[in-house]
Every structure is written in C-alpha cells, then in structure tokens.
Chemist: 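Have a look at this one before I ask anything.
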Amino acid sequence: MAHWPEAASIKQAIEEAKTILIHRHVRPDPDALGSQLGLKRIIERAYPEKDVYVVGGIVRDLEFLGKMEHVEPEMYDEALVLVLDTANHERIDGPHALKGKRVVKIDHHPDEDPYATQQIVDTSVSSTSEMIAELAEAWGLALDEESAFLLFAGIVGDTGRFQFRNATPRTFEVAAKLLSFGIDTGRLYRQMYKTDLATLQLQGYVLQNVHVTDAGVGYVKIDADVLRTFHATPEAASQLVNSFSGLEGLKCWVMFVENKDEIRVRIRSKGPVINEVAKRYRGGGHQMAAGATIDKWEEMEDVIAALDEVAHPYTFENEES
Ligand SMILES: [Mn+2]
C-alpha cells in the first residue's frame, strides 16, 4: 500500500464534514472524471448521511461515466472541498472551489501550485484514480462494481491502456483488484474508444500531414479550416495526438490545434523531457506529456525548434536507430 502520511487526517476531514464537494480540472479526461465520480461513490456508500456533490462541466464523449451536479456558492462556507487531478488552481473546474472551509488537493502531477490547505501529491502514481483506489484501501472504505469501473477507467485513460511508462507494478496490482469486482471492461473499452466517422476521417488527415524534423520531432498543424472541413471540434482533434506515435524514429511529437483565438499545443514524448518547453509557452504537464498555448501560427516554428533542441541529443538506449 502506498504510504501517504496525510491520508489519516484527510479521512478525518471527510468524517467531520457534512457537505463534501469534489472538483477536478477543466476539460476533464477519464482520470479526472473517474477519480471524481469514483470517490463520490466510495464516500456515499461509506457515509450515507453525508451530502457529496461532483462539480464541473462535462465533455459529451465521457457522459457515460456519470453526471455532474449543481451546487450553490453558499454551500462552500461549511464544506470540505476535494480537488482531484488538478496541478494548479487556474485549471480547477468550478469558480468557488477554493472557498471551501477546508480544501484538499489529491494529485499526481508535479506540485507547481500548492493551492490547498492540505494535500497528497505523488508523481510516482499513474493516475489520480489509482491514488483514490489506494486511499480507499488505506481508509478501510469498500469499493463496489461501480466505483471500481470508474477508477479503472481513469487508470486506463492515463496509462494509455497500460502501455505508458507510468504503469508500474503497483498500477497492475490496483487494476487487478478493481477487475475482481466484475467490471465490464468490454463496455468500458467500447465507450471509451468509440469514434465517429468525422473524427476517423480527420485522423486520416492527421496521418497524411505529419511532418518530422531531422531531430525526430513530429508535428501536425490543424487550423480552423481543417476543423471545418471535417466538422470536428478542437477537442476531438486534440485527442488524435497519439495517432502517429508509432512512427519509426519519432522521439517526441506535437499537435497544434486552433481553438477560437488561440492555438492549443499538445506535446508527447518517448524520451526527451518536454514539459520545460511547454512551460515556456503558457503550459506545463508531465515530462512525457504536456500542453501549452500559443497565440499565432508564427510561433509554431519556435515550439518545434525548442523541441528539436531537447530531441536532438536524445538517443534510445539498447536500440538500434
Ligand atoms: Mn490524471
């Protein structure tokens, strides 16, 4: 079991609170929603007398995980707020989260903004969902099929179906435990990885338009015209960032997607550390997966040049080039 000294006092905070509001980051992914909805389910089953709410917007493709709830600003005065999977306060979904009587952060991103009064931050864990599964065990709170399904979805999302390096032996142990609740992984994978025809055809465009620099940096530009042509949203386009990751010789890669008056930059890597580059362009994230934002297309070349610099000296060990 993971050893987090703060776990006991956070359990105490949960026991003392009547109202618990669970937040997570904007534009939620399966880990954000899985940890949020999974924790709600765990607390509600253990403490049926408490009022537990999940707060934030939702993306349509992930509605199968659960629904968000409406809360009033006054509810924060006496509430315990749990913020999951969110590194910095600007990324919290919901304007009142930090107005809670007590605010607890539980996250696996680098701790760049300790915005809470109490926190567990552990970058060695694959996902916040894995942390919640561990915490439930440490707290002696039972899981059931539904909470196991939600947490499993989060782990699957953040590990790319267990293939990224963040999937540790412990991740597999936690996943095995979750599976033992009889969750329907067939349904999960169907719902998580379904795609519509427009997105599939946009993926075709992405694959046709990958460029690779001499240093091994792959990049694709998706501007508003391309999005219109394929009737695609910026969010749907951004999700295609890994669609060409298998390309031979690729060290890191980036997708530029126009979104209203800015350009979202999604960066992924198989070795070179790329979050320092992201930080220089209004972003951040993990060493191998980060995001940033630029204002105009002219800056695209600068981002690619910066990635070239980190990719160029990098070599894969024990592999022929
Ligand atoms: Mn996460």
Side-chain angles (χ1 to χ4, degrees), residues 2 4 10 22-42 54-59 61-62 64-66 68 81-94 97 104-116 119-136 147-168 170-175 178 188 192-193 235 238-239 241-242 245 264 266-269 273-275 278-279 283-292:
W4 297 309
I10 292 173
I22 311 180
H23 284 252
R24 38 74 193 158
H25 61 77
V26 293
R27 296 191 299 276
D29 54 16
D31 184 37
L33 290 170
S35 59
Q36 181 188 33
L37 289 154
L39 181 57
K40 171 185 159 84
R41 174 80 181 169
I42 291 163
V54 284
V55 189
I58 195 145
V59 289
D61 287 348
L62 296 174
F64 73 92
L65 291 171
M68 294 296 110
V81 176
L82 303 169
V83 186
L84 310 182
D85 202 38
T86 311
N88 46 311
H89 73 277
E90 294 92 345
R91 263 177 68 73
I92 301 173
D93 198 347
V104 172
K105 172 187 185 181
I106 300 174
D107 189 28
H108 69 123
H109 298 88
D111 188 23
E112 272 148 32
D113 178 10
Y115 52 76
Q119 64 175 31
I120 300 178
V121 173
D122 188 341
T123 56
S124 74
V125 185
S126 74
S127 52
T128 303
S129 297
E130 183 181 327
M131 294 178 80
I132 298 300
E134 295 264 48
L135 281 169
S147 52
F149 180 89
L150 291 161
L151 298 177
F152 191 84
I155 295 173
V156 164
D158 267 22
T159 61
R161 286 175 269 189
F162 303 100
Q163 62 177 325
F164 302 153
R165 281 194 206 173
N166 61 0
T168 65
R170 189 63 199 153
T171 308
F172 284 90
E173 282 169 32
V174 170
L178 297 175
L188 175 68
M192 251 177 100
Y193 297 101
E235 288 73 27
S238 296
Q239 274 159 28
V241 65
N242 285 324
S245 61
R264 295 257 167 80
R266 285 216 167 178
I267 315 170
R268 297 292 183 270
S269 175
V273 173
I274 44 81
N275 56 350
K279 276 186 212 161
H286 301 280
Q287 292 189 342
M288 301 293 134

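Order of listing sets the numbers, starting from 1, for every ligand and every atom in it.
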Chemist: Measuring from the Mn ion (ligand 1), name the closest N, O or S atom belonging to Asp31.
Modeler: OD2
Chemist: Do Phe64 and Tyr193 have ring centroids that are under 6.0 Å from one another?
Modeler: no
Chemist: Ignoring hydrogens and geometry, is there a side-chain-to-backbone donor-acceptor pair from Asn275 to Ala278 under 3.5 Å?
Modeler: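 No; judged by distance alone, with no hydrogens or angles, the pair does not exist.
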Chemist: For the residue pair Asp31 / Ser129, report whether a side-chain donor-acceptor contact shorter than 3.5 Å exists.
Modeler: yes
Chemist: If you stand at the Mn ion (ligand 1) and look out to OD1 of Asp85 and OD2 of Asp158, what angle do those two lines make, to 10°?
Modeler: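 Centred on the Mn ion (ligand 1), the OD1/OD2 angle is 160° (to 10°).
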Chemist: Can you tell me if Asp85 and His108 form a side-chain donor-acceptor pair at under 3.5 Å?
Modeler: yes
Chemist: Give a yes/no answer: is there an N/O/S atom of His108 under 2.8 Å from the Mn ion (ligand 1)?
Modeler: yes
